[in-house]
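For reference, the structure is listed below as structure tokens.
A quick note: this is a predicted structure, and the numbers were derived from the prediction, not measured. Every chain is numbered from 1 and lettered A, B, ... according to where its sequence line falls, protein lines coming before strand lines.
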Protein chains: 2
Amino acid sequence: MAGHTTDITDIGRESSARNRVLDTATRLFYAEGVHAVGIDRIIAEAGVAKATFYKYFPAKDELVRAYIQNQSRLGRAAIDRIGKRPARDTVLAIFDLVADAAAQPGYRGCPFLNAAAEYPDPDHPVRQAIGEHRRWKHDLLRDLLAADGNPDPNTSADILTVAGDGLLIASHLDKPANLRQLIRETILQILGPSADR
Amino acid sequence: MAGHTTDITDIGRESSARNRVLDTATRLFYAEGVHAVGIDRIIAEAGVAKATFYKYFPAKDELVRAYIQNQSRLGRAAIDRIGKRPARDTVLAIFDLVADAAAQPGYRGCPFLNAAAEYPDPDHPVRQAIGEHRRWKHDLLRDLLAADGNPDPNTSADILTVAGDGLLIASHLDKPANLRQLIRETILQILGPSADR
DNA sequence: TTTGGTGTAGACAAATCTGTCTACTAGACA
DNA sequence: TGTCTAGTAGACAGATTTGTCTACACCAAA
């Protein structure tokens, strides 16, 4: 411990080359799929040497795992930005994020679902990372439902997860006309009548 | 027209080599993903020469398109086997097929969603074929909902599609304990109270 | 000044990818 | 018998894949 030279400002800061690789991979993997993007392309667009890449990511799958964890981090940050609200409003705001994402140019559905489709083995580290994110989100919804007075928050969280995945798919593949309205109707039908009316 | 030698029994029958390729591709693409399976592997397992393969499928993407259409055909056949029932029962039976599929060994989610994840370009023929199947299923649900007396069958079909995709995802990635019950609860919540009670 | 860490540039290996092409075989039919 | 069709076997080309390795440059700290 003694003698290390890490400045206080270095805490949490990571190598700029590593960040460039991860940012480039996040962009390309999401836009074109994991298997469709090769290492050579990533290092070229990130402006990084091959040896540097393999220093930080000993194999491509480790980069894919880092990509999933990065998407998870970005997703949590988006939910954090919602701020403190009544439980039911928070749930609705979380699902509004689907519509927000779908409105972005280059939207291509859920990065976790897309990546899972490319990894058949459920024990693969990439699939494990996807499972972790899904469990986190499910449990978050469950706690919010419990705070909303839902009588069976666990089952309702299952149903909300189903709805969330379906909405991410629909907003990508079907592009329904009134997505925000479809989201509201779907979620309110699942949440049931609110306590205050 | 005159002079062709096709026997009456040949109508609808296709080359056995072609069928072997398509069956093998259907099995491998579903189990491992489209980009993960190469032509060499398919022709080896189908027991077909490379020249024969390229005679029937001038490019891999055409095989992928045929794979999607084959899955569509299989899906329609499964729904046909349900037989004639009251509209609401038919809808519930269609969604029971999700639980049936999820109980099969080697279940890996929805072939259409998995394939769509690997084709970013929505104008690609493979994506077009996926869109065709999705529109067919959506319209089938819409007509059944209309027959069930649903006041807004189109919107309800949108919601049922969302639920169906979400259930296919959940049954694959989350493997919830009581899938059949989750399906019933989700669908009945969307369909609303039945007319006869 | 020397040493260690971080990074670049790129050759290289070995495998795999799609797609083309040649040469051959077996059966059906005229 | 001769011809046409379907199919087999496999070499080949050219590109692309992941991953390793060598040689060099720069900077900061001891």
- Any residue meeting side chain to side chain donor-acceptor pair (under 3.5 Å) with Asp100(B), in chain and number order, not counting sequence neighbours: Arg180(B)
Output side-chain donor-acceptor pairs under 3.5 Å for residues 159-166 of chain A, partner residues at least two apart or in another chain, one line each.
| unit_1 | atom_1 | unit_2 | atom_2 | d |
| --- | --- | --- | --- | --- |
| Thr161(A) | OG1 | Ala157(A) | O | 2.8 |
| Asp165(A) | OD1 | Arg134(A) | NH1 | 3.3 |
| Asp165(A) | OD2 | Arg134(A) | NH1 | 3.3 |
| Asp165(A) | OD2 | Arg134(A) | NH2 | 2.7 |

- Query: Taking atom C1' of dG5(C) as reference, at what distance in whole Å does atom CZ of Arg18(A) sit?
  - Reply: 17 Å
- Remember a base hit wins even if backbone is also touched, and classify Phe57(B) as base, sugar-phosphate or nothing at under 4.0 Å, heavy atoms. nothing
- Can you name the side chain to side chain donor-acceptor pair (under 3.5 Å) partners of Gln71(B), sequence neighbours left out? none
- Message: Please confirm whether the shortest side-chain N or O distance from Tyr56(A) to OP1 or OP2 of dT6(C) is below 4.0 Å.
- Response: no
- How close or far is atom P of dG19(D) from atom CD1 of Ile43(A), stated in whole angstroms? 12 Å
Distance-only donor-acceptor hits, side chain of residues 24-32 of chain B, under 3.5 Å, sequence neighbours excluded:
| unit_1 | atom_1 | unit_2 | atom_2 | d |
| --- | --- | --- | --- | --- |
| Thr24(B) | OG1 | Arg20(B) | O | 2.7 |
| Thr26(B) | OG1 | Leu22(B) | O | 2.7 |
| Thr26(B) | OG1 | Asn70(B) | ND2 | 3.0 |
| Arg27(B) | NH1 | Glu45(B) | OE1 | 3.4 |
| Arg27(B) | NH2 | Glu45(B) | OE1 | 3.0 |
| Tyr30(B) | OH | Arg108(B) | N | 2.6 |
| Tyr30(B) | OH | Gly109(B) | N | 3.2 |
| Tyr30(B) | OH | Gly109(B) | O | 2.7 |
| Glu32(B) | OE1 | Arg41(B) | NH1 | 3.1 |
| Glu32(B) | OE2 | Arg41(B) | NH2 | 3.0 |

- Message: Hydrogens and angles aside, do Asp61(B) and His124(B) bring a side-chain donor and acceptor to less than 3.5 Å of each other?
- Response: yes
- Item | With sequence neighbours excluded, residues passing side chain to side chain donor-acceptor pair (under 3.5 Å) with Glu62(B) | none
- Task: Applying side chain to side chain donor-acceptor pair (under 3.5 Å), name anything that partners His133(A), two or more places apart in sequence or on another chain.
- Result: Ser72(A)
- Sugar-phosphate means primed atoms, P, OP1 and OP2; the rest is base. With that split, encode nucleotides 8-20 of chain C 5' to 3' as B, S or - using protein heavy atoms under 4.0 Å. BBB-------BBB
- Query: Members other than Leu74(B) in its cluster, when Ile, Leu, Val, Met, Phe, Trp, Tyr link by side-chain heavy atoms under 4.5 Å?
  - Reply: none
- Expected list for residues 64-71 of chain B near DNA chain D, using heavy atoms below 4.0 Å, is none
